[in-house]
Engineer: 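Quick one: structure below, then a few questions.
Computation of the quantities below employed the complete heavy-atom set of this structure, encompassing side-chain atoms and omitting hydrogens, waters and symmetry-equivalent molecules.
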Amino acid sequence: MDELLAELGEPGLEQIAGMLGTDLATARWVIQAAGGIIVAGLARGAEHPEGAEALRYALDEHMDTDPFNSDVASLTRDGQHILAHVLGGQGVEYVAEGLARLADADVGGLMKVLPLLAPMIMSLFAGRAGMDTRTMTADLRRERAAGPAGLEELIGGILHGLFGDPVAPAAGREGAGDR
C-alpha cells in the first residue's frame, strides 16, 4: 500500500479525501484498508490453480496500463469489472458500507473510490514482471501480511462477512494509526 500511496501522491490523496468528504489522514487509512481488502480478495482467488491462472492473465492485461494517468470513466469501468471478480456481486457495497461506517466517511464516495483503486493495485502487481502463478500467489500473501498494524483484523472481519471464511470478525479500527 506504500507503493500505491506514493503513486497517488499528495494531490491524489487530496482528491480521494474530497470524494470521501473527509480529511487526509482518514483518506490514507481508507486507501490502506480498501487496498488491503482488494489484495486479500486477489490472494483468496489465487489460492486455487484456475483462479491463479485467471489472475495472471488479468495482470498481463494491466501490464502496459497507467491507471494513475487514465480517464476516470475507463478507470471506473475497469475497476468495477475487477471488483466484481474479487469481491463478488454485492461485495463492493458491503465493503463500502463497512469502511464508511468505520472511517465515518461517505459511502457514496467509497463506491466511487473502490473502483478507482482496483486497477491501480492491478497495475502495481502487473509491474512485477516475470512472476509465475506460484510466485504471484506468494507475493499477494506477503503483501496482505505486510499491511498496516490493526488492519489485518479489519480486513479479515470484512472478508469473513463477505465470504464466510473462517476468520474472526473485526472489532473496529484498532491501530488505524493516523486517526
Engineer: Backbone N or O of V72 within a donor-acceptor pair of the T76 side chain at under 3.5 Å?
Structural biologist: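 Yes: the side chain of T76 pairs with the backbone of V72.
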
Engineer: Apply side chain to side chain contact (heavy atoms under 4.5 Å, CB included) to the pair D78 and M122, showing each step before the final yes or no.
Structural biologist: CA-CA 10 Å; D78 186 28; M122 290 290 284; over 6 Å; no

Engineer: For a 4.5 angstrom cut-off between non-hydrogen side-chain atoms, does I38 reach L83?
Structural biologist: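 Yes, side chains in contact.
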
Engineer: Do L5 and Q32 have side chains that get closer than 4.5 Å, going by heavy atoms?
Structural biologist: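 When only atoms from C-beta onward are counted, Q32 and L5 do touch, with a gap below 4.5 Å.
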
Engineer: What are the two closest non-hydrogen atoms of A96 and M111, and how far apart are they?
Structural biologist: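 A96 and M111 have their closest heavy atoms at CB-SD, 3.5 Å.
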
Engineer: If I compare all heavy atoms of A52 with all of A46, which pair ends up nearest, and what's the gap?
Structural biologist: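 Nearest pair, atom of A52 first, then A46: CB-O, 3.5 Å.
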
Engineer: Any non-hydrogen side-chain atom of L110 less than 4.5 Å from a side-chain atom of V30?
Structural biologist: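 Yes - at least one pair of side-chain heavy atoms lies under 4.5 Å apart.
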
Engineer: Could you tell me if the side chain of M120 sits less than 4.5 Å from the side chain of L8, heavy atoms only?
Structural biologist: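 Of all side-chain heavy-atom pairs linking M120 with L8, at least one is under 4.5 Å.
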
Engineer: Please check: side-chain N/O of S74 versus main-chain N/O of D71, any donor-acceptor pairing under 3.5 Å?
Structural biologist: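 Yes: the side chain of S74 pairs with the backbone of D71.
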
Engineer: Which residue, D104, V113, D106, forms the side chain to side chain contact (heavy atoms under 4.5 Å, CB included) with L20?
Structural biologist: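 Among D104, V113, D106, the one meeting side chain to side chain contact (heavy atoms under 4.5 Å, CB included) with L20 is V113.
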
Engineer: Which heavy atom of L114 sits nearest to which heavy atom of V95, and what is that distance?
Structural biologist: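 In terms of heavy atoms, the two residues are closest at CD1-CG1, 4.0 Å.
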
Engineer: Is any side-chain heavy atom of L13 less than 4.5 Å from a side-chain heavy atom of R28?
Structural biologist: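 Result yes, sub-4.5 Å side-chain heavy-atom pair found.
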
Engineer: Strictly by modelled atom types, are E61 and Y57 linked by a side-chain donor-acceptor pair under 3.5 Å?
Structural biologist: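 There is such a pair (donor and acceptor under 3.5 Å, judged by atom type) between the side chains of E61 and Y57.
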
Engineer: Looking at every heavy atom in both H85 and H81, which two are closest together, and how far apart are they?
Structural biologist: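 The pair with the smallest heavy-atom distance is CD2-O, 3.1 Å.
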
Engineer: In the structure I gave you, are the side-chain heavy atoms of V107 and E93 within less than 4.5 Å of one another anywhere?
Structural biologist: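 Answer no - side chains too far apart.
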
Engineer: Find the distance between CD (Q80) and CG (L87) and round it off to the nearest 0.5 Å.
Structural biologist: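 One finds 12.5 Å between CD of Q80 and CG of L87.
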
Engineer: So do L99 and I37 actually touch side chain to side chain, heavy atoms under 4.5 Å?
Structural biologist: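 Sidechains of L99 and I37: in contact.
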
Engineer: Could you give me the CA-CA distance, side-chain angles and deciding distance for V86 and R44, then say whether side chain to side chain contact (heavy atoms under 4.5 Å, CB included) is met?
Structural biologist: CA-CA 8 Å; V86 173; R44 182 181 182 278; over 6 Å; no

Engineer: Apply side chain to side chain contact (heavy atoms under 4.5 Å, CB included) to the pair E14 and L24, showing each step before the final yes or no.
Structural biologist: CA-CA 6 Å; E14 288 171 359; L24 293 179; 3.7 Å; yes

Engineer: Looking at every heavy atom in both I82 and A118, which two are closest together, and how far apart are they?
Structural biologist: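 Here I82 and A118 meet closest at CG2-CB, 3.8 Å.
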
Engineer: Find out whether L55 and F125 are in side-chain contact, i.e. whether some heavy atom of one side chain is under 4.5 Å from a heavy atom of the other.
Structural biologist: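 Result no, sub-4.5 Å side-chain heavy-atom pair not found.
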
Engineer: How far does CE of M19 sit from CD1 of I16, to the nearest 0.5 angstrom?
Structural biologist: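 It is 7.0 Å, given to the nearest 0.5 Å.
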
